[in-house]
Amino acid sequence: MFFKAYYALVIKGHIQNDQSVFIYYGDDVTSLAAISICLRMGCQVYITVKSEELKDFLLRRFPNIEPSDISSSISVSFMGTIRRRTNEKGVDIMMGILSKALVNKLVQCLAKHGHFIYISNDDLSCGDIDLNTYNCILEKSIIFHLIKLSDVFESNDVRNHIYNLLNDGISKGIVVPLPKKIYSDFEVQKAWDDLNSTINHTEKVLIKIRDESPKILAKPDRTIKALPTLYFCENGVYIIIGGLGGFGLVLADFLISRGARKIVLNSRRGLSSIYQSYCLKKWSLIKDLTVKISNDDSSNREGAEKLVKFSETLGSIKGIFNTATVLIDGLFVNQTADNFKRALQPKIYSCYNMDRISKERCPYVQYFVAISSVTSGRGNPGQTNYGMGNSAIERLCEKRRKDGLHALAIQFGPIKDVGLVADSEDNDKALRVAGMTPQAIDTCISSLEQFILQDLTIAASYVIEKQGSAASNSGKKSAVEMVSAILGVKNIDSMDPTRSLSQMGLDSLMASDIKQTLLRNYNIDISIDSIKSLTFDEIAKFAV
Ligand SMILES: NC(=O)c1ccc[n+]([C@@H]2O[C@H](COP(=O)([O-])OP(=O)(O)OC[C@H]3O[C@@H](n4cnc5c(N)ncnc54)[C@H](OP(=O)(O)O)[C@@H]3O)[C@@H](O)[C@H]2O)c1
């Protein structure tokens with residue numbers, strides 16, 4: 001409370017000794033701190049309160065205040081009091097926990113060059129101020145301050161300044177314990193409800209975890225269970241590479257729902273679907289939200305630099321999320337160097353560039369998150385280049401952590417609802433990650449939140465396929481269909497059924513996947529070596 005009061009009065013309002021200060025709603029606990037500061041500086045304080053009872057409370061707490069300096073906030077008679085007591089000059093500083101509607105009235109109480117300090121959860125916009133008030137502000141050269149504590153935490157200088165003021169205040173007896181109401185750790189909900197209720201806030205709300213202890217504890221001897229929630233900074237910029245893809249759009253929605261207000265969606269092609277346009281239209285209706293699209297290709301250094309510079313025009317970059325991907329699956333024998341390069345570009349090339357450039361230009365990014373795949377952790381037939389790209393970004397994340405920077409790579413299994421698997425015409429693709437069933441996108445996002453909160457570097461989120469569940473419908477397919485799906489062969493009729501699987505590009509991962517599939521569905525236990533020499537003619541003889 002003193003922290004907020006010092007920030008408002010000293011850093012923003014530049015309060016001087018012997019000035020006049022009007023505190024609207026003096027019965028709030030922050031106002032109690034502000035009154036203490038003002039009185040110690042010899043300022044004349046005028047206060048409004050909601051009831052006679054609260055007026056008595058203030059007079060008991062601050063015996064130096066004259067009863068006539070405290071007015072009721074229920075009527076506007078306080079305006080007359082202030083005019084009279086300041087000889088029509090008005091006060092030097094006006095501070096209050098206000099509703100927007102009051103701003104127009106209270107500006108009238110200010111002197112020339114006065115400071116109006118607005119503390120509220122409601123953002124004030126130009127539309128909330130009427131023409132007379134504008135004229136009054138201009139004529140009197142009034143300075144407006146919106147108090148947002150989040151701003152304090154962005155500047156070391158301001159934080160240090162307040163720290164010194166608090167220390168000085170404690171030694172001079174200005175900063176003293178404020179009235180408090182103590183709740184037990186079983187009453188967190190009640191404490192929260194009371195804090196948000198309209199009842200008087202003359203008491204700080206405290207949760208008691210343990211008794212006071214004279215000794216300084218190295219670690220808390222008791223903690224309470226709480227479910228943390230991730231919030232994003234409204235002034236920070238969040239870049240989502242691959243942001244117009246299935247995962248990227250849902251991630252953007254999540255960031256917005258948790259307070260982010262400046263988002264850059266990066267994709268090479270830009271808008272290319274009706275759904276993407278719908279999302280942008282939907283977001284355009286949210287006040288103060290800026291969502292920009294950048295088409296720079298972050299997989300090359302120049303494009304990544306342009307992306308960062310473009311994002312910086314909106315504010316300081318607080319988060320970089322890489323959800324970009326290009327799938328070029330196929331049997332290893334059919335892969336080319338160019339295929340590998342194209343699959344690696346949105347993964348390691350983009351992450352590497354963003355890592356390098358962010359270290360130079362915005363080293364304090366709070367979140368550097370790369371979306372990987374279980375293909376990296378456990379492999380998946382036909383996805384050698386994809387697996388390599390994902391594995392490489394995970395190693396980059398480990399390196400960033402060693403350098404003391406944030407990094408998180410999440411290996412997801414197949415995702416339901418959106419993204420490359422959901423969009424795939426090949427419905428079997430999702431089931432090609434053996435033993436897994438697609439995970440709902442909302443639980444993928446909850447996993448992402450939990451992993452960030454747990455401060456992990458590499459994490460995995462996937463749903464294990466239930467034996468005999470509808471998802472494990474592979475039992476309904478013939479052995480040939482299942483094996484060809486594992487090999488990545490789309491057209492079974494085009495295959496020569498007499499060729500062995502190893503002649504068709506079988507690799508060790510595919511072989512172990514086929515082994516598991518045959519065991520699970522046909523109870524046939526066959527060695528890896530035997531699988532290599534199997535032909536489709538032989539596989540066709542397995543029971544359906
Ligand atoms: N969907 C799944 O089942 C699944 C499973 C496991 C892991 N993942 C991972 O989840 C992430 C999101 O995948 P998704 O399903 O949302 O894929 P998606 O819908 O295909 O979206 C990927 C996006 O990446 C963009 N992109 C490709 N190269 C880029 C580049 N160089 N720069 C910027 N953007 C680029 C593409 O847009 P442009 O073509 O316009 O550039 C595309 O919209 C990926 O990292 C993927 O590996 C997905």
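Indexing begins at 1, ligand by ligand and atom by atom, following the structure's order.
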Engineer: Show me which atoms of ligand 1 lie under 4.0 Å from any heavy atom of A324.
Structural biologist: 24 (O), 26 (N), 29 (C), 34 (N), 35 (C), 45 (O)

Engineer: Is it true that R378 and D513 make a salt bridge, defined as a side-chain N closer than 4.0 Å to a carboxylate O?
Structural biologist: no

Engineer: Which of the numbered atoms in ligand 1 are under 4.0 angstrom from any heavy atom belonging to V326?
Structural biologist: 27 (C), 28 (N)

Engineer: Please state which part of Q345 comes within less than 4.0 Å of ligand 1, counting heavy atoms only: side chain, backbone, both or neither.
Structural biologist: neither

Engineer: For K208, give me all partners under side-chain hydrogen bond (donor to acceptor under 3.5 Å, both in side chains), at least two apart in sequence or on another chain.
Structural biologist: D211

Engineer: Which of the numbered atoms in ligand 1 are under 4.0 angstrom from any heavy atom belonging to P414?
Structural biologist: 3 (O)

Engineer: Considering only NZ, NE, NH1 and NH2 on the basic side and carboxylate oxygens on the acidic side, decide whether R395 and E398 come within less than 4.0 Å.
Structural biologist: yes

Engineer: Could you give me the CA-CA distance, side-chain angles and deciding distance for D525 and K515, then say whether salt bridge (charged side-chain N to carboxylate O under 4.0 Å, His left out) is met?
Structural biologist: CA-CA 7 Å; D525 194 1; K515 180 177 164 65; 2.9 Å; yes

Engineer: K347 heavy atoms, cut-off 4.0 Å: which ligand 1 atoms fall inside?
Structural biologist: 44 (C), 45 (O), 46 (C), 47 (O)

Engineer: G413 heavy atoms, cut-off 4.0 Å: which ligand 1 atoms fall inside?
Structural biologist: 5 (C), 6 (C)

Engineer: Looking at atom 16 (O) of ligand 1, what's its closest protein heavy atom, distance included?
Structural biologist: F247 N, 2.7 Å

Engineer: Taking both backbone and side-chain atoms of D297, is any N or O found less than 3.5 Å from an N or O belonging to ligand 1?
Structural biologist: yes

Engineer: Between D423 and ligand 1, does any nitrogen or oxygen pair lie at a separation below 3.5 Å?
Structural biologist: no

Engineer: For ligand 1, which atoms have a heavy atom of V421 less than 4.0 angstrom away?
Structural biologist: 1 (N), 2 (C), 3 (O)

Engineer: Considering only non-hydrogen protein atoms, determine which one is nearest to atom 3 (O) of ligand 1 and report residue, atom name and distance to 0.1 Å.
Structural biologist: I415 N, 2.8 Å

Engineer: Do N390 and E394 pair up side chain to side chain, a donor and an acceptor below 3.5 Å, judged on atom types alone?
Structural biologist: no

Engineer: Please name all residues satisfying ring pair (Phe, Tyr, Trp, His ring centres under 6.0 Å) with Y386, sequence neighbours left out, ordered by chain then number.
Structural biologist: none

Engineer: Should D355 and K399 be marked as a salt bridge (charged side-chain N to carboxylate O under 4.0 Å, His left out) after you check the CA-CA gap, both sets of side-chain angles, and the distance that decides it?
Structural biologist: CA-CA 10 Å; D355 169 57; K399 169 84 176 56; over 6 Å; no

Engineer: Between S372 and ligand 1, find which residue part has any heavy-atom pair under 4.0 Å and reply side chain, backbone, both or neither.
Structural biologist: backbone

Engineer: Considering only protein heavy atoms, which is closest to atom 25 (C) of ligand 1, and at what distance to one decimal place?
Structural biologist: G242 CA, 3.7 Å

Engineer: Identify which of Y462, F321, Y386 has a heavy atom lying nearest to atom 8 (N) of ligand 1.
Structural biologist: Y386

Engineer: Using a distance-only test with no angle check, is there a side-chain donor-acceptor pair under 3.5 angstrom linking D537 and T498?
Structural biologist: no

Engineer: Just need the protein heavy atom nearest to atom 30 (C) of ligand 1, so name the residue and atom and give the distance.
Structural biologist: R268 CD, 3.6 Å

